[in-house]
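I have placed the structure first, in the form of structure tokens, so that the comments after it can refer back to it.
Each chain gets a letter, A, B and so on, in the order the sequences are listed, and its residues count up from 1.
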Amino acid sequence: MRTLGDKNFRGAVALSALLALAAAGTAQAAGTLTFYIQGEKLATEGFIAPQLTKDGWSLTFAHIWVTLADITAHQTTPPFDAGREELITATQQVTLPGVYTLDLVSGGEHGRLRIDHLSAPLGHYNALSWRMVTAAEGVAQDTVMLFIGTATRGDQSIPFQLAVEEPHAYLCGEFIGEERKGFVTAAGEADLEITFHLDHLFGRADKPANDPMNRTAPGFAPFASGTGVQRLSLHGLHLGHVGEGHCRVLWS
Amino acid sequence: MRRRTSPPLWSGGLLGTLLSLAAPPLLAHAVAVEARVVPGIALQARYDSGEPMAQAQVVIYRPNQPMTPAQIGLTDAQGRFQFVPTPAEEGVWSLQVRQAGHGAMVHLPMPLTAPEGEVVPAVVAVAGFGQLTIVQKIVMALSIVWGLIGTALFFYARRTPNAPS
């Protein structure tokens with residue numbers, strides 16, 4: 001069943017595509033745009049002291065499965081502002097076809113995991129969007145995100161499986177980090193990155209308790225006494241980023 | 001006595017008061033220094049709680065080299081940072097502010113037409129976390145200031161001995 005959030009997101013992408021086609025005209029020179037994803041060290045190494053969860057748990061992950069679709073890079077003028085209640089209007093855009101189920105724990109150098117690449121018209125891709133969708137098959141079937149790992153605090157050691165089941169979408173502006181990204185030049189290579197900030201979910205013991213992130217993050221305590229696959233809601237949380245840049249979240 | 005011609009300024013009608021236009025007589029080994037009031041850009045970065053982004057990294061990108069930092073600095077204790085754009089480079093200047101794993105970017109079209117003190121319209125990529133009701137956003141404001149760096153521009157004139165003046 002198509003949801004309101006889906007319609008909003010698909011409508012935005014379709015409108016952007018029409019505008020982009022109108023602006024693109026005839027065949028253009030192109031370069032290569034590669035898409036990466038990562039959950040930073042908190043995914044690959046876990047929450048290790050002093051970076052424990054806000055409630056003092058150490059977490060290590062065997063897998064963090066995420067399933068994404070419609071990963072789309074946009075050129076926007078003026079630049080898309082994720083802080084406003086607006087959709088992305090692109091002058092140019094490219095979309096990775098297909099659905100990707102990826103394990104954030106398996107990130108390589110710097111925790112990054114290569115999703116895919118495509119040929120892209122020249123320009124600066126200063127906005128990125130994607131949908132978090134339900135995996136149709138495999139170990140992450142029926143989930144949007146699936147955290148599998150072990151939590152440790154003192155003498156307690158708890159295996160856990162936390163499943164996010166509600167599809168949603170992220171609309172993001174420009175990647176923000178050590179360097180600017182997304183500049184596709186003739187025959188050149190550029191990249192963009194989807195970044196998940198897991199401390200927005202579990203909080204951080206090395207930050208003050210009244211830090212806005214810790215005030216919002218549920219931490220691990222709500223799941224410490226649960227068994228089996230526990231449902232996890234991401235409503236009100238912003239895990240998806242572009243580097244350090246913020247994204248708007250659309251819910252179904 | 002020669003009068004130095006002021007180069008065209010980037011701000012059009014925002015041309016600042018010239019403190020000194022007249023160069024001193026050109027003498028052997030003389031160094032002429034001209035100080036002018038120039039319009040600059042003042043950046044104020046804070047969280048929406050009002051807390052300033054103190055000691056945050058600021059990276060400035062020029063329109064013609066958007067991939068290469070033109071200037072890197074830090075905000076002061078009040079989250080302020082000031083800079084003078086290159087006069088001739090029109091286009092969109094981009095300013096990135098980062099702190100503690102979160103960042104935002106503001107884009108500034110040049111030339112500016114806003115009057116002194118007015119906040120410059122700019123697109124800000126908000127960074128934050130949590131629910132929108134308690135999100136800690138990064139709020140950046142840019143404004144034109146005059147006399148920002150009153151002695152920012154210096155012109156040195158050197159003459160070798162016996163050189164015709």
>> Please report the interatomic distance CD(A/Glu178) to CD(B/Gln96), rounded to the nearest 0.5 Å.
In response: 8.5 Å

>> Quick one, A/Arg180 and B/Met105 - any side-chain contact, counting heavy atoms below 4.5 Å?
In response: yes

> Where does B/Thr68 contact chain A at under 4.5 Å (heavy atoms): side chain, backbone, both or neither?
Replying inline: neither

> Which region of A/His124, side chain (C-beta onward) or backbone (N, CA, C, O), has a non-hydrogen atom less than 4.5 Å from a non-hydrogen atom of chain B, or is it both or neither?
Replying inline: neither

> Looking only at atom types and distance, does a side-chain atom of B/Arg98 sit under 3.5 Å from a main-chain N or O of A/Ile176, one as donor and one as acceptor?
Replying inline: no

> So with a 6.0 Å cut-off around CZ of A/Arg231, is the heavy-atom count from everything else above 12?
Replying inline: no

>> Are there over 12 heavy-atom neighbours, none belonging to A/Gln230, within less than 6.0 Å of that residue's CD?
In response: yes

> By a 4.5 Å heavy-atom criterion (distance strictly below it), what part of B/Pro66 contacts chain A: side chain, backbone, both, or neither?
Replying inline: both

